[in-house]
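First comes the structure, then the notes that go with it.
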Amino acid sequence: MRVPHHAAAIVLLAAALATGAATAADTAVETASLVTTLRQSPPESKEQFLLRVGAWMADRQEATGHESCGSICQTSSGELAVMLFTSQRSHWCRMNFACPLSHPHMTAETIHSHPVSPGGGSFSRSDYRLGPGYLVRGQRMYYQNGPGTAAPFPAPEPRDCNSLRCAGNR
């Protein structure tokens, strides 16, 4: 079942309120600011593009301490783009389902970062409710398509270190 965009935003807000990551006062003025838009550069594969996006997000999280998030979008020919947003918080990012005009179609997948700290670990219940997506945590990336499916991305090979810095250099 596909969750309407406004329903997904409500789910994230409810989760943030329930966990204390946001308060009722925060929600009145909470906005998500556009940080950057990254586009796939052919002949870059989907995997290579997402690893590049993940590395960018990891560097930004390390530099600012803030999560970033976005929806993975595409053109009708399949080229990908991600508009990354931030709520300027360390443990919460208001998901924005915007797509660039050049890549107007949502893929139904999202990408977001979590801090490397206790409690900043794996996919949350809210993440699973949003549908399939990618998580950047430190220099590692993961993919889930429902509860119990979280796995390293890309799928590890025997010599793969599952790091954003080395996985793209195979």
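Nothing fancy with the numbering, it's 1 onward along the sequence. Keep in mind the model is a prediction, meaning the values are calculated, not measured.
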- Under the side chain to side chain contact (heavy atoms under 4.5 Å, CB included) rule, collect the residues that match up with E44, sequence neighbours excluded. Q40, S41, Q48, F49, R52
- Message: Could you check whether any side-chain N or O of S68 sits under 3.5 Å from a backbone N or O of M57, counting only pairs where one atom can act as donor and the other as acceptor?
- Response: no
- Item | H112 and H114: CA distance, side-chain angles, deciding distance, side-chain contact (heavy atoms from CB on, under 4.5 Å) verdict | CA-CA 7 Å; H112 69 287; H114 280 187; 3.1 Å; yes
- Message: Using a 4.5 Å cut-off between side-chain heavy atoms of Ile, Leu, Val, Met, Phe, Trp and Tyr, which other residues end up in the same hydrophobic cluster as L34?
- Response: M83, F85
For residues 69-78, please give each side-chain donor-acceptor pair under 3.5 Å, one per line with the distance, not counting sequence neighbours.
residue: T75; atom: OG1; partner: S77; partner atom: N; Å: 3.2
residue: T75; atom: OG1; partner: S77; partner atom: OG; Å: 3.0
residue: T75; atom: OG1; partner: G78; partner atom: N; Å: 3.2
residue: T75; atom: OG1; partner: E79; partner atom: N; Å: 3.1

- Task: Might you work through the side-chain contact (heavy atoms from CB on, under 4.5 Å) test for R39 and L80, ending with a clear yes or no?
- Result: CA-CA 6 Å; R39 291 175 176 80; L80 301 172; over 6 Å; no
- Message: Nearest 0.5 Å, please: how far is OG1 in T110 from CG in N96?
- Response: 12.0 Å
- In sequence, state the C-alpha distance, the side-chain angles, and the governing distance for Y134 and V53, and then conclude on side-chain contact (heavy atoms from CB on, under 4.5 Å). CA-CA 10 Å; Y134 300 85; V53 171; over 6 Å; no
- Task: Look up atom CD in Q139 and atom CD in E62, then write down how far apart they are to the nearest 0.5 Å.
- Result: 6.5 Å
- Who passes side chain to side chain contact (heavy atoms under 4.5 Å, CB included) against S90, sequence neighbours left out? none
- Message: Ring centres under 6.0 Å, that's the criterion: do F153 and Y142 meet it?
- Response: no
- Item | For the student: nearest non-hydrogen atoms of P115 and H91, plus distance | CG-NE2, 3.3 Å
- Which pair of non-hydrogen atoms, one from H103 and one from A81, has the smallest distance, and what is that distance? CG-CB, 3.5 Å
- Task: Just grab all the salt bridge (Lys or Arg N to Asp or Glu O under 4.0 Å) pairs involving residues 102-113, residues at least two apart or on different chains.
- Result: K46-E109
- Task: List the steps and the verdict of side-chain contact (heavy atoms from CB on, under 4.5 Å) for T86 and R60.
- Result: CA-CA 10 Å; T86 184; R60 184 178 188 287; 3.6 Å; yes
- Could you tell me the separation between the OG atom of S124 and the CH2 atom of W92, rounded to the nearest 0.5 Å? 12.5 Å
- Query: Who are the side chain to side chain contact (heavy atoms under 4.5 Å, CB included) partners of A151, not counting sequence neighbours?
  - Reply: none
